[in-house]
There are 2 protein chains.
Amino acid sequence: MMPASPPDWKKLGKVNALLQRVPDALRGAARTRKFEDGEILYRRGDKAADVICVLAGELLLTRASRAGTAVIVQRVRDGFIAEASLDSKSYHCDIAAGGDGELLAFPITAFLHALQNDMAFHSAWSRQLAREVRRLRAQCERLSLNSVAERICHFIEVEGEGGEVMLGQSRKSWAAELGISHEALYRALRRMQDDGVLVVDGARLRLPGNYILP
Amino acid sequence: MMPASPPDWKKLGKVNALLQRVPDALRGAARTRKFEDGEILYRRGDKAADVICVLAGELLLTRASRAGTAVIVQRVRDGFIAEASLDSKSYHCDIAAGGDGELLAFPITAFLHALQNDMAFHSAWSRQLAREVRRLRAQCERLSLNSVAERICHFIEVEGEGGEVMLGQSRKSWAAELGISHEALYRALRRMQDDGVLVVDGARLRLPGNYILP
DNA sequence: CGTACTTTTGAATCGCATCAAATCTGGTGG
DNA sequence: CCACCAGATTTGATGCGATTCAAAAGTACG
């Protein structure tokens with residue numbers, strides 16, 4: 001297990017806006033920790049000890065399936081994981097590393113204490129959760145579409161502004177977010193450009209609508 | 001537009017556990033309202049007036065795409081919709097009815113007031129959001145799987161207990177939740193039974209694992 | 001300049017969506 | 001009680017689109 005150490009709060013605001021709102025008392029209790037690919041950080045059934053924010057890399061919530069293989073329940077990059085552990089006495093899943101990375105761990109008792117005693121922090125926490133719910137519902141809706149082109153359009157319409165979006169990631173990882181193979185994504189982008197449905201300019205994607213909405 | 005009326009709180013607890021925790025002051029401000037298929041209840045850009053809980057039927061958050069067709073951003077049954085409107089001055093999407101149903105509307109000012117003044121309610125609200133985040137992350141993970149059988153297994157392993165789950169809905173609507181056609185679901189269930197991977201007993205689905213985990 | 005990763009294109013295969021239709025089910029009214 | 005209807009369930013046939021495997025070309029970085 002990698003060593004835990006106190007975080008550098010100046011850098012953390014860039015990862016997640018909520019981290020700027022963490023009260024001093026809770027900051028003192030938080031610890032950063034690097035992790036390595038495959039490492040299991042917390043185990044199902046263990047007493048829930050920490051609320052975790054992924055700073056770099058990827059964490060997986062997994063369960064052993066009846067067949068013995070691991071079922072990935074959740075996959076989180078750049079955000080909080082296992083928020084639900086605030087509710088329960090123990091973790092419902094294993095928390096494993098999907099690649100090297102770094103996390104920020106808040107002891108649950110300190111976190112709950114901060115929520116109870118700092119109304120501004122509690123409000124920021126609720127708003128953060130509400131935004132996450134909205135983002136995830138849109139993501140589910142997108143993954144329910146059954147063609148690559150539809151998912152691309154949905155992404156641009158919903159995540160972008162005015163039929164235009166700037167990609168903040170490689171196309172390969174975008175393909176993973178869209179739930180498709182990267183080959184299928186490249187081909188669909190090409191076809192859509194040929195059909196004049198899409199304009200690609202580096203990281204900037206635009207759907208040239210035929211009219212402007214009021 | 002259908003008339004608004006005061007709710008019957010005795011029945012509401014069954015819809016959503018959070019509704020039991022609504023403080024009296026907020027209860028007095030809430031109104032139920034029936035809606036009809038296709039009706040547009042709130043429009044994008046309107047001043048955000050209500051926090052909405054779907055009691056029956058289905059509500060859609062939609063946006064007009066550049067092509068003029070409606071993009072479904074979110075789809076909600078039996079729960080809160082547009083929680084993010086607590087944050088913003090106006091709605092980011094149209095809110096339309098996907099079929100007949102009924103909603104419960106809380107005026108935003110009264111809702112915010114209740115969150116600020118009733119710590120127990122605020123805590124219940126945060127926990128509700130955290131559970132929703134967990135549920136949605138699992139749903140996204142499931143929709144990212146590319147075979148019907150994998151999605152079925154994921155559902156049973158994650159939503160069920162001990163490799164077993166009781167379906168609370170028709171298979172047709174389950175298929176929609178899994179993001180597949182109902183025909184594909186029926187065929188996969190049949191094939192999995194034939195292969196001995198799955199045992200179906202009415203609404204009870206079981207994955208007969210070869211060993212019991214400790 | 002070499003290594004690792006992304007981007008891009010090609011070809012083969014397979015699973016799912018789709019359309020069609022039969023059967024089954026529960027509920028309604030005559 | 002039966003006729004009837006709407007919706008769910010089930011099976012069949014067909015075509016398309018995505019996955020997969022393979023490989024080349026481009027790009028970032030030390």
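Computed from a predicted structure; not experimentally measured. Labels below follow one simple rule: chain letters A, B, ... track the order of the sequence lines, proteins then strands, and each chain is numbered from 1.
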Worksheet item: Roughly how far, to the nearest 0.5 Å, is the OG atom of B:Ser126 from the CG atom of B:Leu18?
Response: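 Answer rounded to 0.5 Å: 10.0 Å.
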Worksheet item: Distance from A:Phe80 atom CZ to A:Glu132 atom CD, nearest 0.5 Å?
Response: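 Answer rounded to 0.5 Å: 10.5 Å.
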Fill in: Test item: B:Ile52 and B:Phe106 side chains (from C-beta on) under 4.5 Å apart, heavy atoms
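B:Ile52 vs B:Phe106: side chains apart.
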Worksheet item: Below 4.5 Å, heavy atoms only, C-beta onward: do A:Arg33 and A:Glu102 meet side chain to side chain?
Response: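 Not in contact.
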Fill in: Matching residue for A:Gln74 among A:Leu60, A:Leu61, A:Leu59 - test: side chain to side chain contact (heavy atoms under 4.5 Å, CB included)
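Answer after filtering A:Leu60, A:Leu61, A:Leu59: A:Leu61.
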Worksheet item: When the distance from CG of B:Leu145 to P of C:dC16 is rounded to whole Å, what number comes out?
Response: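 Spelled out: CG on B:Leu145 to P on C:dC16 is 12 Å.
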Worksheet item: Rounded to whole angstrom units, what separation is found between the CZ atom of B:Arg171 and the P atom of D:dT11?
Response: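 Taking CZ of B:Arg171 and P of D:dT11, I get 11 Å after rounding.
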Practice prompt. Could you check A:Ser170 against A:Asn146 and say which one's nearest nucleotide on DNA chain C is further toward the 5' end?
Written response: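 Here A:Ser170 is the residue nearer the 5' end.
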Practice prompt. Note the angle between the end axes of the helix from C:dC1-D:dG30 to C:dG30-D:dC1, five pairs defining each, rounded to 10 degrees.
Written response: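 End-to-end axis angle: 50°.
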Worksheet entry | B:Lys172 side-chain proximity, nearest of D:dA18, D:dT9, C:dT18 |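 Closest of the options to the side chain of B:Lys172: D:dT9.
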Item to complete: Identify, residue by residue, the members of residues 174-192 of chain B with a heavy atom below 4.0 Å from DNA chain C, and return them in order of residue number, or none.
Response: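 Within this stretch, B:Gly179, B:Ile180, B:Ser181, B:Glu183, B:Ala184, B:Arg187 sit under 4.0 Å of the strand.
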Discussion item. Testing the basics here: between B:Leu136 and A:Val133, what is the closest heavy-atom pair and its distance to 0.1 Å?
Written reply: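 That would be CD1-O, 3.7 Å.
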Worksheet item: When you check the side-chain N and O atoms of A:Arg142 and A:Gln139, is any donor under 3.5 Å from an acceptor?
Response: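 The answer is yes; a qualifying pair exists.
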Worksheet item: Does a donor on one side chain and an acceptor on the other come within less than 3.5 Å for A:Tyr42 and A:Asp50?
Response: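 There is such a pair between these side chains.
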